[in-house]
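Working notes, structure below.
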Amino acid sequence: MLRLAWRNLWRTPGRSLTTGGVVALVVFLSLVFLSVYAGAFDAFFRLLLERTGHLVVRVEGYEEKEDLESLAFAPPALPLPSGARVEGVVEGGCLVLAGERSRYAVVTGLEPAGLARQKNLLKAGRLPEAPGEALLGEALAQALRVGLGDEVVAYAPGGLGLGVYAFRVVGLLDLPETHLEARTLVVPLADAQALLAPGRVTRLEVRLEGLGLYDLKPLEELKAALKPHLQGLVAETWLEANPIYAAILPLYDTVMALYVGVFFLLGGLILLNALYLSLVERVREFGLLAALGLTGRRVMALVFWESLLLVGVFALVGLGAGLLVHLELADGFRLPLPQWILEQYREFGLPEVLYGRLSLKEILLTLGYAVGTGLLAALWPGWLASRLEPVEAMRYVP
Amino acid sequence: MSLLRLAWRNVLRQRRRTALLSLVVVYVTVAVLFLFGFLDGYGESLVEAYAQYVEAPVVVAREVWWQDPDPENGFRELPAVAHPLVQAATPRLSLYALLRSPYRVQGGVVLGVDPEGEKTLSRVPFKVSQGRWLSAPGEAVLGQRLAERLDVRVGERLVVETGKGALGLLVVGLVRAGVGNVDFGGVYVHLEDARRLSGGRVLATHLALKVPRGKEEGVAQALNQALPEGLRAQGVWELMGPIRADYEGSRLFYVPLLGLFMLLAAVAVVSTTYVSVRERLREFAVAESLGLSPFRLAAQVALEAALASGLGLLLGLLLGYALLWYTSTHDVFGPLMRLSVELLPESGLSEHLYTALRPVYALYAAMVVGLSALLALLFPGRLVLALEPTRYLKGE
């Protein structure tokens, strides 16, 4: 049956190649599409993880709390596994004044390790090495008309600290998002505490070594282990700490499945067309086969085999081509869009260079769609073929 | 006419086959209509958000302010703007400030407006959900989500501080516009207060102009020819932030994809036409021997392909426009847009997106018919052109 189906396919090589080409193209496009989108998604989430750490410890019910006094806490000692480290962070709003100009900014106080991480973003100058030194977002520095070596004053009234603190700008940061860059003031933790909340932090960031981006299980385990040591505090995974982003993650699979489904529906309709034409051309032949004793079920099976062989072979071709392109994408790529658009995408946290990602799940999804399409498209022509009356079919004139 | 009738008869000879290939064209037509409607609807929602809520249809400011939007680069005297399409003009003064409620501190851009002038070109005054719009100095109206973040209510005081001054303002209204920038970041104060907060040296930072929809870029260009040196007008598209790139990028991505969809649909049509021609080669040979030229026969094949795909196109247009009508009158994408606004509150996205419904989409979708006819001429048509009537009439 399989050999017969294979032979039948190559009786009309033009049509088989065209239809198969469509199947291969659909599989190829789906894989490239999935690789690109997963790459973009990963880049987006990696940035989020970099900024929040794997686990974030904050005051319990922090979402409802308004003032710095309720949000700041004295950092407890945490029993962490080897390879994990904890960093205290103080964050609060302030008005940054420089001569005649002033802008609102978020002042972030970081420990030395946190400051060292800013090195990748450093556009000019150096990292703070002493109290009273600060990093300014480049856009904020431009708005305030200050440069390296200039002095700015952070004014944050109503807190627990001094409320006013003078800093010397020692470095300028280039963040992907200009709107964040325009309100970024990074200072040593002790300075931020003096300004906003002495001896306290507004969050603890726990960072772990060697964890994959979506490796949430070890985080949940660590969270559970930390719980007894967090009096009045709560630990959240980086995804829980960003609830809106967490809400998108489950939608991702559905949206991708829908997108790929749109491609495959077109491919399926074209395949159905081809199978039907193939049936129409061979009505007399099917009639003869039925007259020679082939049951309706076996005739139907023949049509299904033809469909599955066509889809299977060309899906593998598309899969091969898709994987080859994916290997290129996995090494890093830029979206084929004008530079100005790519620059604007950075404003949403999407870097210019993305890295394609395809997991077994995406490959199985695509192949599953291909097989499903092959089966569904063969259903109607197969049913028609199985119901042909031998005598009528052999007399059939197109 | 007889060629058309003949082609039509041939298309109807194989109804099931025609229906199947029409299905492909229906699908592609619906996809083309829906995607163009969605993309244009998205663009329109952005234009509306920026023109009516976030910015204005056209904004005139000093060249130096566009580069460095600090109040010190604002107008010391207001320019006269004359253009027949300018329906209203109002000065605005935007400044960066610290907002302090009894519990929280937050920064933002405060917009000083003329309360009555603002009503002539912005919808923000009409979107006050609690309290009322500004009427005198000493008052402030806030975006509802910003007020929640600041934990401030109507009737309470809000301190607005800049490096040059501070004012305690009475919150008289909260705005719920369904546009991220307004709801999450809108702070509206009287122009007089804004002048005081900026140090009193400038009257306004920019002039907002109301012009008819669709004329924004043209009016901005015309104004730029006439405005004194040092002033520049920008239309709403230029005023949009990075979200414009998302719109333009989507178009660049989806339009070629639709082209590919149309090509594949045309290939399906031609594939069917090819089988149909091969089945009827003897018929074509008879027609040719009776005097019909091979080119007319090839034209008939192309016409058959066009008619078959045309049937699908008509049904697709019917379904596609019905879908567009529904999505242009019902807030189907509301939940998706609300999530997007929460994600990107400063991007100028609106909480509602209604698809556009334009007759020109039918023209775009009709390209599949032209493409089918062309491919039919090139492939099955070639079979007819290469036909040897005597051979076929002998039944070889």
Side-chain angles (χ1 to χ4, degrees), chain A residues 12 14-15 18-19 21-22 25 29 66-68 92-95 97-106 142-143 145 155-159 177-179 183 244-245 247-248 251 262 265-267 269-270 272-274 276-277 280-281 335-338 340-348 398, chain B residues 14 16-17 20-21 23-24 27-28 31 68-70 72 96-109 149-151 161-164 199 241-246 248-249 252-253 257 260-261 264-265 267-272 274-276 278-280 339 342-344 346-347 379:
Chain A
T12 50
R15 188 166 55 237
T18 308
T19 312
V22 171
L25 184 69
L29 284 177
E66 310 286 346
D67 55 319
L68 201 59
C94 70
L95 197 65
L97 308 156
E100 286 278 287
R101 295 206 167 192
S102 62
R103 289 290 186 279
Y104 171 78
V106 174
Q142 276 171 11
R145 282 192 182 159
Y155 169 60
E177 305 98 324
T178 314
H179 69 277
R183 53 175 87 143
I244 297 169
Y245 292 89
I248 317 175
L251 291 178
V262 169
L265 185 54
L266 179 63
L269 286 173
I270 291 172
L272 169 63
N273 224 31
Y276 180 74
L277 289 178
V280 165
E281 280 179 332
L335 291 170
L337 292 170
W340 77 269
I341 291 185
L342 295 181
E343 280 167 15
Q344 296 297 307
Y345 276 167
R346 286 187 74 210
E347 298 295 328
F348 301 118
Chain B
Q14 299 287 349
R16 207 182 262 174
R17 207 181 293 179
L20 259 187
L21 75 90
L23 206 60
V24 180
Y27 178 64
V28 170
D68 179 13
D70 192 88
E72 72 175 41
Y96 301 89
L98 194 69
L99 312 167
R100 284 174 58 198
S101 73
Y103 311 104
R104 292 215 73 178
V105 176
Q106 181 149 348
V109 176
R149 282 184 185 179
L150 284 166
D151 198 14
E161 285 184 76
T162 65
K164 291 171 182 157
I243 198 70
R244 181 184 164 189
D246 183 49
E248 303 270 6
L252 284 174
F253 175 73
L257 198 68
L260 181 69
F261 266 42
L264 293 182
V267 165
V269 172
V270 170
S271 180
T272 305
Y274 193 86
V275 171
S276 164
R278 267 188 41 191
E279 282 174 352
R280 292 184 290 135
L339 183 64
E342 294 278 345
L343 265 175
L344 306 165
E346 294 177 26
S347 60
F379 297 102

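Every chain is numbered from 1 and lettered A, B, ... according to where its sequence line falls, protein lines coming before strand lines.
- Both the backbone and the side chain of B:I243 come within contact range of chain A, judged by heavy atoms closer than 4.5 Å.
- For the residue pair A:N273/B:S271, the side-chain donor-acceptor check at 3.5 Å is not satisfied.
- Heavy atoms of A:L29 lying under 4.5 Å from chain B belong exclusively to its side chain.
- The candidate with the highest count of non-hydrogen atom pairs below 4.5 Å against chain A, out of B:R280, B:R149, B:E161, is B:E161.
- The contact between A:E100 and chain B is made by backbone and side chain atoms together, counting heavy-atom distances below 4.5 Å.
- For a residue to count as touching a neighbouring chain, one of its non-hydrogen atoms must lie under 4.5 Å from one of that chain's; by this rule B:Y274 does not touch chain A.
- Neither the backbone nor the side chain of A:L342 comes within contact range of chain B, judged by heavy atoms closer than 4.5 Å.
- Across all their heavy atoms, A:A156 and A:G93 have their closest contact at CB-O, 3.6 Å.
- For B:L344, the part lying near chain A is the side chain, with the backbone staying farther off; criterion is any non-hydrogen pair under 4.5 Å.
- Considering every non-hydrogen atom in both A:L277 and B:T272, the closest pair reads CD1-CA, 3.5 Å.
- No other option in B:D70, B:L252, B:L150, B:D68 has as many heavy-atom pairs under 4.5 Å with chain A as B:D70.
- Within the 4.5 angstrom heavy-atom criterion, no atom of B:P102 approaches chain A.
- A:Y104 and B:Q106 are not linked by any side-chain donor-acceptor pair at a separation below 3.5 angstrom, with hydrogens and angles left out of the test.
- Using a 4.5 Å cut-off between heavy atoms, B:E72 contacts chain A through its side chain alone, with no backbone atom that close.
- Heavy atoms only, all atoms of each residue included: A:A143 and A:R103 are closest at CB-NE, 3.5 Å.
- For chain B, the nearby parts of A:P157 are the backbone and the side chain; heavy atoms of each come within less than 4.5 Å.
- When heavy atoms are compared at a cutoff of 4.5 Å, B:A97 approaches chain A solely by way of its backbone atoms N, CA, C and O.
- Annotation: maximal heavy-atom pairing with chain B below 4.5 Å, among A:H179, A:R346, A:R183, A:E343, occurs at A:R183.
- Listed here is the closest heavy atom pair of B:G249 and A:L337: O-CD2, 4.2 Å.
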* Begin from the C-alpha positions of B:L99 and B:R104 and carry the test side-chain contact (heavy atoms from CB on, under 4.5 Å) through to its verdict. => CA-CA 8 Å; B:L99 312 167; B:R104 292 215 73 178; over 6 Å; no
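- The nearest pair of heavy atoms linking A:S102 to B:G163 is OG-N, 2.9 Å.
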* Please step through side-chain contact (heavy atoms from CB on, under 4.5 Å) for the pair A:Y276 and A:E281, ending with a clear verdict. => CA-CA 9 Å; A:Y276 180 74; A:E281 280 179 332; over 6 Å; no
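- Heavy atoms of A:V262 lying under 4.5 Å from chain B belong to its backbone as well as its side chain.
- Of the two parts of B:V267, only the side chain, counted from C-beta on, holds a non-hydrogen atom closer than 4.5 Å to a non-hydrogen atom of chain A.
- Using a 4.5 Å heavy-atom threshold, the side chains of B:E346 and A:E177 count as separate.
- Between the side chains of B:Q14 and B:S276, no donor-acceptor pair of N or O atoms lies under 3.5 Å.
- Residue B:V109 does not touch chain A at all, counting heavy-atom pairs closer than 4.5 Å.
- Heavy atoms closer than 4.5 Å to chain A are found in both the backbone and the side chain of B:E342.
- At a 4.5 Å heavy-atom cutoff, the contact between A:L97 and chain B is made by side-chain atoms alone.
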